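Notes follow the structure.
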Amino acid sequence: TYKSYAPNGKRTVSTDAYRMVDKIVEGDLTYKITYRPDHTRCMTQLYKGGKLQRTKYYCDDFESEVDAEGKERKIHYLCGGTGLVGLYVIDNGLDSLFTAVTDLHVETRRATSLHEGVADTISLFILSKEEYEGKTWSQLVDSGQFLQVYHLSGDDIRRLGSCVPFPPTKEMCDMVMEPACQE
């Protein structure tokens, strides 16, 4: 499971030649940050009492984190037309899907598709804020007032670079959605 570390004590912040924070020391915790040439984070390392506790690698919409015991947690950021819509987290082999709240509500459900064998799909239900306020999920399903419903495979999400646009683009017309894509 994911282990968190609470800050404690006086904080010291160091910067690199570009005035980017590269080290934060607080009590027995040290947090080191490594940057790419474009000044975006590519790796962080957390030390407790001088011992490496966790290394995290950053790559656009994906993060990989490895703790001192070698357990890995992968985080995929799923983006939509209004920004972040969810996180797909694989923590030491166990996966979870989390949603994020935006102006347009996106309800994410994990399902099993029966198309050509068993494959994981993620269904994104997009509706206006006015439509979902004060209603239960059952009431929303019964109303059928979704602006769009995507049923995306892992391949679809990778093809979209983990950013799912709304409304759908022409490149999405071969993906499963309701209503169907209009070319």
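Please read these numbers as outputs of a predicted model, since none were measured by experiment.
In this model, no donor atom of one side chain and acceptor atom of the other lie less than 3.5 Å apart for Thr15 and Arg19.
The backbone N or O of Glu178 sits less than 3.5 Å from a side-chain atom of Gln148, completing a donor-acceptor pair. Looking at Tyr47, its side chain never comes within 3.5 Å of a backbone N or O of Asp28 through a donor-acceptor pair.
Side-chain atoms of Leu52 and Gln45, non-hydrogen and from C-beta on, do get closer than 4.5 Å to each other. Using a 4.5 Å cut-off on side-chain heavy atoms (C-beta onward), Arg41 and Ile33 make contact. Inter-residue side-chain proximity for Arg36 and Cys59 is flagged as met; some heavy-atom pair is nearer than 4.5 Å. Proximity of Met177 to Asp156: side-chain heavy atoms (C-beta onward) are nowhere separated by under 4.5 Å.
Heavy atoms only, all atoms of each residue included: Arg11 and Glu26 are closest at NE-OE1, 2.8 Å. Here the shortest heavy-atom pairing between Phe62 and Tyr77 reads N-CD1, 4.2 Å. Nearest heavy-atom pair, Glu69 versus Asp67, reported as atom, atom and distance to 0.1 Å: N-OD1, 3.0 Å.
With hydrophobic clusters built from ILVMFWY side chains whose heavy atoms lie under 4.5 angstrom apart, Tyr18 does not share a cluster with Met43. Hydrophobic clustering, with ILVMFWY side chains joined whenever heavy atoms are under 4.5 angstrom apart, keeps Leu94 apart from Val66. By the criterion of side-chain heavy atoms lying less than 4.5 angstrom apart, applied directly or through intervening Ile, Leu, Val, Met, Phe, Trp or Tyr residues, Tyr35 is grouped together with Tyr31 in one hydrophobic cluster. Tyr57 and Ile75 fall into different hydrophobic clusters, where Ile, Leu, Val, Met, Phe, Trp and Tyr are joined by side-chain heavy atoms under 4.5 Å apart, directly or via other members. Grouping the Ile, Leu, Val, Met, Phe, Trp and Tyr side chains by contacts below 4.5 angstrom, directly or via other members, places Leu46 with Met20.
Between Ser64 and the options Glu72, Lys74, Lys56, a side chain to side chain donor-acceptor pair (under 3.5 Å) holds for only Glu72.
A distance of 7.5 Å separates CD in Glu65 from OG1 in Thr44, rounded to the nearest 0.5 Å.
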